[in-house]
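Because the structure is predicted, anything quoted here is derived from the model rather than measured.
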Amino acid sequence: QVQLVESGGGLVQAGGSLRLSCTASGRSFSSSVMGWFRQVPGKEREFVAALSWSGGSIYYADSVKGRFTISRDNAKNTVALQLNNLKPEDTAVYYCSYRHSTQVVVIPQLYDYWGQGTQVTVSS
């Protein structure tokens with residue numbers, strides 16, 4: 001079992017920044033992929049960003065490229081998502097995810113564990 005706990009969401013004005021953090025516990029995190037997804041009511045969960053354990057493979061959704069940055073600290077079992085230049089359309093619940101694999105994928109069904117989510121609200 002893997003437990004994921006997110007923090008750092010909140011309310012921010014358009015153009016502002018937030019930093020989300022996710023702490024993982026429960027098993028070895030070598031050879032894992034950590035990712036962030038987001039979801040708004042009535043819509044499917046959407047890929048945001050993910051990176052491999054080594055950091056050698058990093059993927060971003062086109063909608064967040066150049067604005068969001070994902071990073072991980074393997075010594076602390078944490079993954080972070082820096083959100084800059086936020087837009088109202090970034091409003092969603094953001095979920096941290098874990099995949100026991102070396103391959104980064106964007107399909108949420110291929111991730112094995114999920115956090116409880118943290119709300120990000122961007123006002124115009």
Side-chain angles (χ1 to χ4, degrees):
Q1 281 287 345
V2 172
Q3 293 79 43
L4 303 172
V5 179
E6 302 103 333
S7 62
L11 172 64
V12 65
Q13 289 188 332
S17 298
L18 285 172
R19 184 175 178 84
L20 307 183
S21 182
C22 173
T23 301
S25 61
R27 66 178 296 174
S28 171
F29 293 94
S30 61
S31 302
S32 68
V33 169
M34 300 292 292
W36 289 92
F37 289 75
R38 64 188 182 186
Q39 190 170 22
V40 298
K43 293 191 175 182
E44 294 185 353
R45 196 162 292 190
E46 174 189 29
F47 172 77
V48 175
L51 78 171
S52 60
W53 181 79
S54 68
S57 294
I58 302 177
Y59 288 83
Y60 292 97
D62 288 343
S63 58
V64 307
K65 278 182 183 177
R67 299 188 299 121
F68 293 6
T69 302
I70 189 171
S71 60
R72 65 189 292 174
D73 184 336
N74 291 329
K76 297 180 179 179
N77 289 340
T78 59
V79 61
L81 187 68
Q82 179 67 39
L83 294 70
N84 295 330
N85 190 21
L86 282 160
K87 303 176 181 181
E89 52 263 42
D90 295 318
T91 295
V93 177
Y94 283 71
Y95 295 92
C96 175
S97 59
Y98 168 97
R99 170 174 160 85
H100 188 62
S101 171
T102 58
Q103 184 180 13
V104 177
V105 296
V106 303
I107 302 172
Q109 289 83 356
L110 297 181
Y111 282 76
D112 301 300
Y113 296 96
W114 295 88
Q116 81 285 355
T118 184
Q119 177 72 46
V120 171
T121 303
V122 184
S123 63
S124 58

Is [X] reaching over with its side chain to a backbone N or O of [Y], donor-acceptor style, under 3.5 angstrom?
X	Y	value
Tyr111	Val105	yes
Thr118	Ser7	no
Asn74	Trp53	yes
Arg19	Ala80	no
Thr121	Thr91	no
Thr69	Gln82	no

Looking at every non-hydrogen atom in both residues, tell me the closest pair between [X] and [Y] and how far apart they are.
X	Y	value
Gly56	Ser52	N-OG, 3.3 Å
Val104	Ala50	CG1-CB, 3.7 Å
Leu4	Cys96	CD1-O, 3.6 Å
Gln39	Ala92	O-CB, 3.5 Å
Trp36	Ser97	N-OG, 4.1 Å

Could you state the interatomic distance from [atom1] ([X]) to [atom2] ([Y]), rounded to the nearest 0.5 Å?
X	Y	atom1	atom2	result
Gln1	Asp112	CD	CG	10.5 Å
Ser21	Glu6	OG	CD	9.5 Å
Met34	Asn77	CE	CG	8.0 Å
Leu81	Cys22	CG	SG	10.5 Å
Leu83	Leu20	CG	CG	5.0 Å
Lys87	Ser124	NZ	OG	14.0 Å

query = Does a side chain donor of either Arg72 or Ser32 reach within less than 3.5 Å of an acceptor in the other side chain?
reply = yes

query = Does the side chain of Tyr94 come under 3.5 Å of the side chain of Arg38 through a donor N or O and an acceptor N or O?
reply = yes

Is there a path from [X] to [Y] through hydrophobic residues (I, L, V, M, F, W, Y) whose side chains come within less than 4.5 Å of each other?
X	Y	answer
Val106	Leu110	yes
Val5	Val93	no
Tyr60	Phe37	no
Val2	Val33	no
Val48	Ile107	no

query = So do the side chains of Asp90 and Arg67 get within less than 4.5 Å of each other, counting heavy atoms only?
reply = yes

inquiry  = Using side-chain heavy atoms (C-beta onward) and a distance below 4.5 Å, is Leu18 in contact with Leu86?
reply    = yes

task = Verify side-chain contact (heavy atoms from CB on, under 4.5 Å) between Leu51 and Val79, making sure each step is shown before the conclusion.
result = CA-CA 9 Å; Leu51 78 171; Val79 61; 4.0 Å; yes

message = Regarding Asp62 and Lys65, does a basic nitrogen lie under 4.0 Å from an acidic carboxylate oxygen?
response = yes

Validation row, ring centre Tyr59 to ring centre Phe47 under 6.0 Å = no

ask   = Parallel under 30°, tilted from 30 to 60°, perpendicular over 60°: which one fits the rings of Tyr98 and Tyr113?
value = tilted

request  = Kindly indicate, with the supporting measurements, whether the criterion side-chain contact (heavy atoms from CB on, under 4.5 Å) is fulfilled by Glu46 and Ser63.
outcome  = CA-CA 11 Å; Glu46 174 189 29; Ser63 58; 4.2 Å; yes

